[in-house]
Asker: 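This is the structure, below, for whatever I ask next.
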Amino acid sequence: MYKLICVVTLATLAPICSVLAQPEIFNVDESLVEPYELPELLKLDNGQKVQSLADWENERRNEILDVFLEEVYGKLPDKALKPTIEVVDHSETALNNTAIRQQWELTFENNGKKLVIEVLAYLPKGVIAPHVFVVPNFRGNQSVNNDPNIAITNSWVRMKKNAPNVGVVDHRATEASRGTSSAMFPLDRIIGNGFGLYTVYYGDIDPDFNDFSNGIHPLFYEVGEDQPKSDAWGAISAWAWGLTKVIDVIEDNPLTRDSRIIVMGHSRLGKTALWSGVIDSRIDVAISNNSGCMGAALSRRRFGETVKIINTRFPHWFSDNFLKYSDHEDNLPVDQHMLIALMAPRPVYIASAQQDRWADPKGEYLAGYYATPVYELYGKKGLPGPELPEVNHPIHHTIGYHLRSGGHGVTDYDWEQYMAFAKMHLDK
Ligand code: GTR
């Protein structure tokens, strides 16, 4: 089935090859994509067609959601765990006097374990209930800006092979890590456009390696358990759960209680952003930036990263049940167009980058296109046809999409689209 072995000479894919423990087999040639059949979005498990919005909302949506919960990302705990929340910082003069900065410590305790999640917000001064972006970060809150008042994370920080890892020593962040992700968080533009930003470090919620004795999971184990059940949450569900806790903070904060909420995430956190939008209806808009395999991209295309590769490298991201779909995508009762459809009728944006073939731009687009019939049930516009739009020609319907020139990352161009898309849908 796979036609291309990872001996790729293409500069853009070379780094991928070098980080894989063993050469993996994957295809990045469109002409080699085998025909595939997607599971039907609007057909109930009993074979009947979805005829109405009520059929979708009361039946089909639940069937699909259950599969994503049990077979893919894993079920989140039913039990609510209330944190103690401490406001640790409030400044009215942040970012050259343009923003209010706030920081909170959320402390969760259970089973004799304790977890602290730090939340950071910048809000534009003089704007009442600004729309707020919730964007999880990869290297600690201190990495989003070189503001010396941001608390440096105490949590484990991922170190990339073949990357400088500036300011991270032995998996701990140091002073030198301040602002190292600021290109991904253009706060001057975000605040300048009247938006607020909430961010949280994903490693505070669950450190990103295959170990379930740390992070949030152990706080929810039942007696005798030391890892999640086979249908229970992996790391992506845990990170999405963490975003719902940030939304609790947004709702408790008088400055943002009435704000509209846009979740945006990049790459593995783009997968997380989509999933959080599905499980939390308080999210008004979900945006996935270069989310790829098990984010927006259709798995059955087996283009770029495959289910087998993702399960081999990152088994902890999903429920254990998901492991059986390695090389067996066709057995999965869902594909990622169904994840997008679960956001309906709320606006959802899928962003791809031309050189990011590992994430399968066409597969990301097609998931939005094949989700469109559900948006149409609500009288909303999805994506117009099966062909990829031209590079740098964004589509801003209720489903948004762009294929940006360049590679894997978040750029100012991406942010311009997200802010325009959010304004279009959320401004009254
Ligand atoms: C890659 C992974 C992708 C994507 C990316 C990232 O190694 O294969 O699924 O999530 O990491 O998060 O940067």
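Order of appearance sets the numbers: ligands from 1, and atoms from 1 within every ligand.
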Asker: Got a salt bridge between Arg357 and Glu305, using NZ or NE/NH1/NH2 to carboxylate O under 4.0 Å?
Answerer: no

Asker: Give a yes or no on whether the backbone of Ala240 and the side-chain of Tyr73 come within a donor-acceptor separation of less than 3.5 Å.
Answerer: no

Asker: May I ask you to check whether Phe108 and Trp241 place their ring centers less than 6.0 Å from one another?
Answerer: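 Centroid distance Phe108-Trp241: below 6.0 Å, so yes.
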
Asker: So, are Arg172 and Asp170 salt-bridged, with charged N and O less than 4.0 Å apart?
Answerer: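 A salt bridge is absent here (no side-chain N lies under 4.0 Å from a carboxylate O).
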
Asker: With atoms numbered from 1 as shown, which atoms in ligand 1 lie under 4.0 angstrom from a non-hydrogen atom of Phe314?
Answerer: 2 (C), 7 (O), 8 (O)

Asker: In terms of atom number and element, which parts of ligand 1 are under 4.0 angstrom from non-hydrogen atoms of Arg313?
Answerer: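 What qualifies from ligand 1 is 7 (O), 8 (O).
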
Asker: Would you mind running through ligand 1 and noting each atom that sits below 4.0 Å from a heavy atom of Trp358?
Answerer: 2 (C), 8 (O)

Asker: What's the shortest heavy-atom distance between Leu377 and Trp56, and which atoms?
Answerer: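 Looking at all heavy atoms of both residues, the closest pair is CD1-CB, 3.8 Å.
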
Asker: Return the option from His266, Glu305, Arg158, Arg268 holding the heavy atom at the smallest distance from atom 12 (O) of ligand 1.
Answerer: Arg268

Asker: By number and element, which atoms of ligand 1 are closer than 4.0 Å to a non-hydrogen atom of His408?
Answerer: 13 (O)

Asker: Does Met294 come within less than 4.0 angstrom of ligand 1, counting non-hydrogen atoms of the residue?
Answerer: no

Asker: May I ask you to list the atoms of ligand 1 that are less than 4.0 angstrom from any heavy atom of Ser267?
Answerer: 4 (C), 5 (C), 6 (C), 10 (O), 12 (O), 13 (O)

